[in-house]
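Below is one structure, written out as structure tokens, with a few remarks after it.
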Amino acid sequence: MGMTLNRLVIAVDGPAGAGKGAICRWVASRFGLEYLETGALYRVVALLSLEGGGLSGAPELLARKARNMPFACRLVDDRFESLLAGRDVSWDLRREEVAMEASKVAALGPVRDALKEFQRHYGGEKNIILDGRDIGTVVWPEAQRKIFLTASVEERAKRRALELQERGETVSLPRVLEEMKLRDARDMGRAHAPLVPADDAVVVDTTHLSLDESRHLVAALIAPLVHGTAQ
Ligand code: DC
């Protein structure tokens with residue numbers, strides 16, 4: 001695009017369970033960056049869809065709701081908090097039912113367009129890191145650093161199952177693996193902004209890395225850029 005940005009933008013994309021959130025929250029705190037977990041936007045729209053009795057068949061109506069939704073978010077310590085009309089919905093957004101509906105609403109072009117503006121304006125002129133599926137390809141093609149974070153589907157399912165277990169839920173690994181594959185197929189196979197690394201993205205495979213090692217690797221990719229800008 002050849003455009004000069006008046007702020008540093010770091011785009012982190014990748015499939016579900018690659019560790020994007022845990023890595024980005026840490027990196028954001030460490031370098032004093034704004035952080036936007038864009039999956040939360042799609043999940044909030046999914047919540048609105050479910051509240052309306054399942055609106056994925058009415059893309060225009062859903063897009064209008066998305067454009068006007070009273071959404072706000074913030075990073076509090078190591079937690080990304082999502083607010084809808086002032087109510088903390090962070091916990092609701094993690095529900096499996098919401099995740100499944102989110103992958104449906106995320107396939108709708110009008111909904112994606114409606115959420116793009118929010119993702120472009122969030123944080124004003126502050127340096128920012130965003131994670132999602134199409135940040136480096138569609139939302140911020142001119143980002144100064146693009147990272148594609150991935151791991152084998154088996155490893156991602158294992159991490160996800162562990163996370164659910166720690167929350168006290170009963171989980172079956174084969175089932176989590178099946179759901180992970182289904183979401184991968186939806187995210188990668190859709191016509192609008194499918195999950196694919198940008199040509200100029202650095203691919204980071206965390207299959208054999210600990211969370212700590214992944215965080216430091218990503219930090220090393222970002223540090224030279226942060227130090228080159230005045231915050
Ligand atoms: O990252 P997540 O699991 O919270 O994302 C929820 C859904 O939204 C998932 O199906 C992918 C989709 N999504 C997207 O299409 N584009 C983004 N930038 C972020 C999420």
Side-chain angles (χ1 to χ4, degrees), residues 9-25 28 34-50 55-56 59 62-63 66 69 71 73 75 79-82 84 89-123 128-141 143 146-151 153 156-157 159-161 163-164 167 176-198 201 206:
V9 176
I10 296 158
V12 179
D13 291 301
K20 298 189 298 288
I23 293 169
C24 289
R25 288 194 302 271
E34 280 290 315
Y35 169 52
L36 180 60
E37 182 198 307
T38 65
L41 294 171
Y42 290 92
R43 286 171 183 261
V44 168
V45 175
L47 209 57
L48 297 177
S49 170
L50 290 171
L55 296 175
S56 55
L62 204 52
M69 65 188 185
F71 176 80
C73 54
L75 190 60
R79 199 168 160 265
F80 184 79
E81 238 174 51
S82 301
L84 189 59
V89 291
S90 316
W91 204 245
D92 292 337
L93 299 189
R94 304 320 305 174
R95 278 166 29 213
E96 209 48 40
E97 179 198 15
V98 177
M100 275 298 158
E101 185 71 11
S103 68
K104 285 187 202 158
V105 307
L108 307 172
V111 169
R112 303 201 70 83
D113 289 343
L115 295 180
K116 190 172 164 185
E117 285 314 296
F118 187 94
Q119 298 174 72
R120 296 274 315 179
H121 292 126
Y122 188 74
I128 187 168
I129 186 166
L130 305 93
D131 78 40
R133 304 293 191 285
D134 64 337
I135 309 304
T137 49
V138 175
V139 179
W140 282 107
K146 300 178 187 176
I147 297 169
F148 193 84
L149 210 59
T150 187
V153 69
R156 290 185 284 116
R159 291 176 191 167
R160 176 81 189 137
E163 190 186 314
L164 291 171
R167 265 199 244 153
V176 174
L177 181 62
E178 275 324 297
E179 284 180 0
M180 193 68 91
K181 285 181 177 167
L182 189 69
R183 285 183 61 196
D184 278 1
R186 273 211 196 124
D187 290 347
M188 293 174 194
R190 67 182 179 221
H192 299 284
L195 173 65
V196 56
T206 70

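First listed ligand is number 1; within each ligand, the first listed atom is number 1. Reckoned from all heavy atoms, side chains included, excluding hydrogens, waters and symmetry mates. Because the structure is predicted, anything quoted here is derived from the model rather than measured.
Of all heavy-atom pairs between Gln119 and Trp140, the closest is O-NE1, 3.2 Å. The heavy-atom pair separating Cys73 from Tyr122 by the smallest distance is O-OH, 3.3 Å.
Of the heavy atoms in Arg190, only side-chain atoms (C-beta onward) come closer than 4.0 Å to ligand 1. At a 4.0 Å heavy-atom cut-off, ligand 1 does not touch Ala16 at all.
The shortest side-chain heavy-atom distance between Arg159 and Thr206 falls under the 4.5 Å cut-off. Side-chain contact between Ile135 and Val12: absent, with no pair of heavy atoms (C-beta onward) separated by less than 4.5 Å. At least one side-chain heavy atom of Arg186 sits less than 4.5 Å from a side-chain heavy atom of Met100. Using a 4.5 Å heavy-atom threshold, the side chains of Arg133 and Lys20 count as touching. Under the 4.5 Å side-chain criterion, counting only non-hydrogen atoms from C-beta, Ser90 is not in contact with Phe80. Counting heavy atoms from C-beta outward, Asp187 and Ser103 have side chains that approach closer than 4.5 Å. By the 4.5 Å heavy-atom criterion applied to side chains, Val139 and Thr38 are not counted as neighbours.
With respect to atom 16 (N) of ligand 1, the closest heavy atom belonging to the protein is Arg112 NH2, 3.0 Å. When only non-hydrogen protein atoms are considered, atom 8 (O) of ligand 1 lies nearest to Tyr42 CB, 3.4 Å. Closest to atom 12 (C) of ligand 1, if we only count protein heavy atoms, is Ala106 CB, 3.7 Å. Closest to atom 3 (O) of ligand 1, if we only count protein heavy atoms, is Arg183 NH2, 2.5 Å. When hydrogens are left out, the protein atom nearest atom 19 (C) of ligand 1 is Thr38 OG1, 3.4 Å; that is the closest non-hydrogen contact. When hydrogens are left out, the protein atom nearest atom 9 (C) of ligand 1 is Arg133 NH2, 3.6 Å; that is the closest non-hydrogen contact. Closest to atom 7 (C) of ligand 1 among all protein heavy atoms lies Ala102 CB, 3.8 Å.
Here's the thing with Glu37: none of its N/O atoms is less than 3.5 angstrom from an N/O atom of ligand 1. The shortest N/O to N/O separation between Asp131 and ligand 1 does not fall below 3.5 Å. Residue Arg94 has no nitrogen or oxygen atom sitting less than 3.5 Å from a nitrogen or oxygen atom of ligand 1, judged on distance alone.
Proximity to Ser103 (heavy-atom distance under 4.0 Å) selects the following atoms of ligand 1: 10 (O). Interface of Asp187 with ligand 1, defined as ligand atoms under 4.0 Å from a residue heavy atom, comprises 9 (C), 10 (O), 11 (C). When each atom of ligand 1 is checked for a heavy atom of Arg43 under 4.0 Å away, the hits are 2 (P), 3 (O), 4 (O), 6 (C). Residue contact check: Asp134 has heavy atoms under 4.0 Å from atoms 16 (N), 17 (C), 18 (N) of ligand 1.
Atoms CZ and CG, on Arg112 and Asp134 in that order, are 4.5 Å from each other to the nearest 0.5 Å.
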